[in-house]
Amino acid sequence: MQTFHHPVAGDRVTIRVPETTDDLGAFWEWLSKARARGPIAVDTETTGLRIYSTGYGLRTVQFGDAHDAWVLLYERGGEHAHYAREALRRCRDIHIHNAMFDWLVLDRHAGIPLENLAPVTTDTRILATLIDPRAPFGGGVGTGLKPLSAKWIDPAAPDTQGGLTAVFRSLGLTKETGWAGIPLTHPTFLLYAGLDVIFTARLAPILRAELERLSVRPALVPYEHTIARICAVMQRAGLLVDREYAEPLAGRLTEDAERYGAVAARYGVSSVNSSAQVADALTGMGERLTERTDSGAWKTDKAVLLPLADLDRDWQRIGARDPNPLADAVLRAKRAGKWGTAYAQAFLENADADSRIHPVIAPLAARTGRMSVTDGLHQLPSSDHIIRRAILAEPGHVMISTDFQAVEMRVLAALAKVRRMIDGFVNGGSEFDIHMFTAQLIKGAGATTKERKLFKGAGFGKVYGGGITTIARQTGAPESEIAQAVAEYDRVFPEIKRASSRWQRQAFQNGMVFISATGRRLPLDRDRTYSVVNYACQSAARDLLGQALINASESGLLDYCRLPIHDEILASAPREDATEIAREFERCMTTDLYGVPITADAEIGGRSWGSLYGADH
DNA sequence: TCTGTCACG
DNA sequence: ACGTACGTGACAGAT
C-alpha cells in the first residue's frame, strides 16, 4: 500500500492507496468507522472532462474525512472497482465539491445512478456559492476547491489542478492529454487526488457555519441541490443532433465564408476576423470610422459595418447609400464562418457516439444565480432557424418550448411594487403586452407599434440600468426621443427609481451585499451599484425558473426536459401527448409573485428545434 | 493570455 | 456630484 503524508492546517494527514486485497480490507474497516462518525467526502479522477466521449474512463475514486483519504484505483477494475462501488452504495451522507460532474461520471462509468447519489450529497461548491457567488475575476474568491481551501483552511493549500498541469508537462503531456496519460500510480497524482477529499471534508462544516453566521436562508441549500440533480438529469439525457442535416450545413457555411472571404481579399483583407485589417481597408476606401474600442482601436463590429453596407439590423437594404462591398463581404464572411464553426461544426464535434450533445449545465454560474451552459446551446441564433434545425426531439417526439411571459418586467413590478405596472399585469389577461400597455399609458389608446418599441427599449434600459446614450445606440432611436421616453417612463412608474435607491442603501448597510427576494446574497460592485435593479430582477427570475424545474420534476415531466434557457424550458415529448404535456409545463411555470401573476406560454413545434424559429415561426 | 467580436436571454 | 445597460460562452487574431 502506498502511503503519503502532508501538512494541512498544522495537522499531518494521511493518504493511502490500497494495492492488495488486505489493503482493501483495511479501507473497508476505515470506511465503516468513518461512516459512523460522520459524512464521507468523495471525489473522482478521470481521463478528462468529456464524460460521454468514446474511450472515456474513470481512473480513481477517493473517499476521506478531515484526516484520512483513501484513493481507490478504479481503473484497475476487479476488486478495486468493486470496493469503490460498494462503498458508494453504502454511504448515506457524502460531501462532494462540484457534485454534478462526479454524479454523472459515476452514473455513466460506475453504474451508480445519480438518482441514488444525489439525495445523499452535500455539494460544497453550492454552499460556497451561496456565501459568495462571484468568480475570482468578479472580485470574489471563486468557488474552486483550491481558492476555497486557501481561504478557509490553509493558505498553503496546494493547487492540485495547476500543480498536476506542471507534472503533465514534465511527462511530455499537455493539460488535455495529462489526465488520461499520467501513470495511475504517479505519486503526485495520488497525493493530490487524496488531498482533494480531505479539503472537501474540512470545507463542508466551515461553509455551513459561515452560511449560518450570515443568516442565509436555510431552504436555499436543499433547493439548489434539487436543481443540480434536475440539471444533471438533463445533461445526462442530452439533445439529439441531426448529423445528416448538420454535415452539409457545416460544409455550405464554410463555402459561404470562403466565397465572401475571397471578395474581402480583393480589398486587401486577408482575414475578415482581423479588425485592424478591416479598419485599414475601409479607411483606404474613403470610409470614415468614428467609434473606438476600449483600447483605442477602430471599432469594426456589426453595428459599425451594417450601415456601411446599407443594411438595417435585420440585414435588409435601407436604400440610404451605395453599399460598401467590403463591409458587406466582411459581415457575410464573418457570420457564415461563425455559424459554420461555432455551431454546425461544433454540433458534430461535441456529439457522442449516439449523436447526442450533453450540454454542461452550471445551475449556479452567474453572480445573480443564473445558469450557464457550455457547448453553445444557450447562444444559438434565433433570428434564423437553420442552426436550431440541427437539434432534434427524440424519435416520435416533438419539441415543446415553454417560456415565461416578460418575466423580468413582472418581477420588476412585483419587487419594486410598481403600482400601475401591477395593475396592468393583474387585469391584463393572457394576451397582455406590458410594452404596449406602457406606450398607451403615456401616448393614449392610439399608441403605435413604433411607440411600443420605443418604450420596450426604455423598459429594458430601466431593468439593465442603462443611460440615454446606450439605450439610443441599442434601439437605434434618436437620443432626444429616448430621453423623452425615459422621462415619461419615470413619470408613470416612479417606484422603480425609488426601489433602486432603497436597494442600493440596503446593500451599502449590509457590506455591499444585496439580499434577493429568495434570500440570495448578491454582492454589488462599488462603482456600479445601480446594477442592483438588474441583479434583483435577474436573480428572482432565475429562482422562478428553478422552482418551475422542481415543479416539472415533481409532476413527472423531468424525462421530457432537455434544457433550461433562463426564462424557458425546452422539452422533447411524444407527439401524441404533446398538447397535454405542454399544458402541464405551463401549469408548472405559472405562479404568483407578491400578487403579480407569473405566466408561461408553451409552443409545440415539430421534430426539430428549428421548427419553433425563423421562417416557420 | 488578452482583446475584439458575436451569439443568446 | 453625477452617471453608468445586466448576465453569460465561444472563437479568431494579436501579443
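Fair warning: this is a prediction, and the values are worked out from it, not measured in the lab. Letters go in sequence order (proteins before strands), and every chain restarts at 1.
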Is [X] touching bases, backbone alone, or none of the nucleic acid, heavy atoms closer than 4.0 Å?
| X | result |
| --- | --- |
| A/Val373 | sugar-phosphate |
| A/Gly461 | base |
| A/Tyr535 | sugar-phosphate |
| A/Gln474 | base |
| A/Asp527 | base |
| A/Lys299 | sugar-phosphate |

Send over the distance from [X] [atom1] to [N] [atom2], rounded to a whole Å.
| X | N | atom1 | atom2 | result |
| --- | --- | --- | --- | --- |
| A/Trp339 | C/dC11 | CH2 | P | 16 Å |
| A/Ile565 | C/dG9 | CD1 | P | 15 Å |
| A/Trp298 | B/dT5 | CH2 | P | 13 Å |
| A/Asp567 | C/dG7 | CG | C1' | 13 Å |
| A/Ile361 | C/dG7 | CD1 | P | 22 Å |
| A/Arg370 | C/dG7 | CZ | P | 10 Å |
| A/Glu568 | B/dG9 | CD | P | 8 Å |

#### Entry: Plane angle bin for A/Phe514 and A/Trp503 - parallel if under 30°, tilted between 30 and 60°, otherwise perpendicular
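The arrangement is tilted - the two ring planes meet at 30° to 60°.
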Handout entry: Plane angle bin for A/Tyr489 and A/Phe493 - parallel if under 30°, tilted between 30 and 60°, otherwise perpendicular
Key =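 Perpendicular: the ring planes of A/Phe493 and A/Tyr489 meet at over 60°.
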task: Count the heavy atoms of every other residue, nucleotide or ligand shown that sit under 6.0 Å from CZ of A/Arg288, and state whether that count exceeds 12.
output: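 Open: at most 12 neighbouring heavy atoms sit under 6.0 Å from CZ of A/Arg288.
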Between A/His566 and A/Gln504, the residue closer to the 5' end of DNA chain C by nearest nucleotide is A/Gln504
Closest to the [X] side chain: [options]?
| X | options | value |
| --- | --- | --- |
| A/Thr374 | C/dG9, B/dA7, B/dT5 | C/dG9 |
| A/Ser295 | B/dG4, C/dG7, C/dG13 | B/dG4 |
| A/Ser372 | C/dA10, B/dG9, C/dG9 | C/dG9 |

Considering just the side-chain nitrogens and oxygens of [X], establish if one lies under 4.0 Å of OP1 or OP2 belonging to [N].
| X | N | answer |
| --- | --- | --- |
| A/Ser275 | B/dG4 | no |
| A/Arg542 | C/dT8 | no |
| A/Ser271 | C/dA12 | no |
| A/Thr300 | B/dT5 | yes |
| A/Tyr343 | C/dC11 | no |
| A/Lys462 | C/dC6 | no |
| A/Ser274 | C/dA14 | yes |

### Query
Roughly how far apart, to the nearest Å, are C/dA5 and B/dG9 at atom P?
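Nearest-Å result for C/dA5 against B/dG9 at atom P: 22 Å.
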Donor-acceptor pair, side chain of A/Arg370 and main chain of A/Arg542, under 3.5 angstrom |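 Not a single qualifying donor-acceptor pair exists.
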Next on the checklist: Whether A/Arg410 and A/Asp567 form a salt bridge (side-chain N of Lys/Arg under 4.0 Å from carboxylate O of Asp/Glu) is what I want to check.
Outcome noted: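 Salt bridge: no.
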